[in-house]
Protein chains: 2
Amino acid sequence: MTERKPRKDAARNRAAVLAAADALFVRCERPDDVTMADVAAAAGVGKGTLFRAFGDRTGLIKALYEARLEPIEEAVTAGPPPLGPGAPPPQRVLAVLDALLCFKLDNRRLALALESTGGDSPYGAAHYGRWHTLLRTMLEQVPGLADGDFAAHALLAAVRADLVEHLAGPQDVPRERMRAQLADFTGRVLGAAPAGT
Amino acid sequence: MTERKPRKDAARNRAAVLAAADALFVRCERPDDVTMADVAAAAGVGKGTLFRAFGDRTGLIKALYEARLEPIEEAVTAGPPPLGPGAPPPQRVLAVLDALLCFKLDNRRLALALESTGGDSPYGAAHYGRWHTLLRTMLEQVPGLADGDFAAHALLAAVRADLVEHLAGPQDVPRERMRAQLADFTGRVLGAAPAGT
DNA sequence: AACGATACGGACCGACGGTCCGCTTTGCAA
DNA sequence: TTGCAAAGCGGACCGTCGGTCCGTATCGTT
């Protein structure tokens, strides 16, 4: 309805901006020494173009983030178990959180940029709602868990970008160790009692 | 050694700034519509004074935060159990996290300001290290918990200011409910098997 | 009283996110 | 091919904010 196909140059510029921003975020130390002017310059584009295409800084970061995240969301909604649907809830929760952790490790700066976008919290972003709903739904199928809603929030908090950055960076915790730690922690939440049914 | 007693007006101004900033942070919607100029004006002081006393914005917020936090740290290090030393680790972990949650509920805007101080993450702040060490130490005495270090980080992440804000604000979760949720979640981490010894 | 040390305060600066508007490009249609 | 309106471009420009600087006022000591 309200769909209007963009002009060719607009599409090209949008892509150029995304690519440039991506590269800049990878190379930067802290996310906010990538300025909008930097991105525009690196993309060979005026600032006006950049802001028209993405609205504001947050919009640009969100667009980048969603683009990177898409394969994972695809794998979760339509891929094979244990990530995809069909796996028993506990295993799938483990798998989803692990995937999320790996994603943040692979996109540290970008995730950091998104979550530390001053002003609005990460909890306003659309994708957060999706992850939370998914986790909550699965957690509610775990017997004995009183409150899936809060548990979902808390588990997601365990893979927040700045925590991951803190551990992977200054603390120098290796990737596999972090994954194991997270899996252990999550396992406890899912039911520390190893016996069952 | 490097201690020099401050001049009387300096001390008075410092106090005025702290009080003014405190009031402004309580009344504000988002932490960054309290500007340094606002604080200076509200305190009846020039910007120069403000920056000389606290270094920068982060310094001011940290000073405020630590001041507010002091009673709780006191209660933890020297008060009666279960918050103070002497309580068995699981109960004390519960008590500490509950105290922390209540603190963030009572100081939402301030905590938010501190943790969203763009640039450096919350993990650089001194008090974070203190809480983490305390929790880790206690968690390591809980049997079956493989990694107290990560668990401590993850539990602290569950009471992060913006999560608390998200739940208490937009989601309108009542205080007591949040406390119960956190306690339940923490209990699971500590050992979901309620039976035992 | 007088004088050095200390602190004050607001004009000033540089940076950044975001806007505006005259000019260029695009793509449709005659 | 040419003409033309709409869509898009880009960089000068703006307001705001954190932070600095330095001439002036205050303190407290002798």
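In this model, a side-chain donor or acceptor of A:Arg7 finds a partner on the base of D:dA7 within 3.5 Å. Not a single donor-acceptor pair, N or O on each side, falls under 3.5 Å between the base of D:dG28 and the side chain of B:Lys8.
In this structure, the nucleotide among D:dG18, C:dT26, C:dG17 sitting nearest to the side chain of A:Arg57 is C:dG17.
What separates CG of B:Leu60 from P of D:dC17 is a distance of 16 Å, to the nearest Å. Residue A:Arg30 contributes atom CZ, which lies 11 Å from atom P of C:dC16 at whole-angstrom precision. Distance, B:Lys5 NZ to C:dA7 P: 13 Å, rounded to whole Å. The distance between atom CG of B:Asp32 and atom P of D:dT16, rounded to the nearest whole Å, is 15 Å. One interatomic measurement links the two molecules: CG of A:Asp56 to C1' of D:dG15, which rounds to 17 Å at whole-angstrom precision. B:Lys47 places its NZ atom 15 Å from the C1' atom of C:dC8, with the value rounded to the nearest Å. Regarding A:Leu50, its CG atom lies at a distance of 13 Å from the C1' atom of C:dT19, rounded to whole Å. D:dG8 atom C1' lies 14 Å from atom CZ of A:Phe54, rounded to whole Å.
When the side-chain nitrogen and oxygen atoms of B:Arg52 are compared with OP1 and OP2 of C:dC8, one or more of them lie within a distance under 4.0 Å. For A:Thr49, a side-chain nitrogen or oxygen approaches OP1 or OP2 of D:dG10 to under 4.0 Å. A:Asn13 has no side-chain polar atom (N or O) that falls below the 4.0 Å cut-off from OP1 or OP2 of D:dG8.
Using a 4.0 Å cut-off between a side-chain N of Lys or Arg and a carboxylate O of Asp or Glu, B:Asp106 and B:Arg68 do not qualify as a salt bridge. The pair A:Glu66-A:Arg130 counts as a salt bridge, with a side-chain nitrogen and a carboxylate oxygen less than 4.0 angstrom apart. The existence of a salt bridge linking A:Arg160 and A:Glu165 is excluded, since no basic side-chain nitrogen approaches an acidic carboxylate oxygen closer than 4.0 Å.
Comparing A:Arg14 and B:Ala37 by the nucleotide of DNA chain D that holds the closest heavy atom to each, the one mapping nearer the 5' end is A:Arg14. Ranked by how close their nearest DNA chain D nucleotide is to the 5' end, A:Gly48 and B:Asp9 are led by A:Gly48.
A donor atom on one side chain and an acceptor atom on the other are not found under 3.5 Å apart for A:Tyr128 and B:His166.
Side-chain rings of A:Phe25 and A:Tyr65 stay apart, their centers remaining 6.0 Å or farther from each other.
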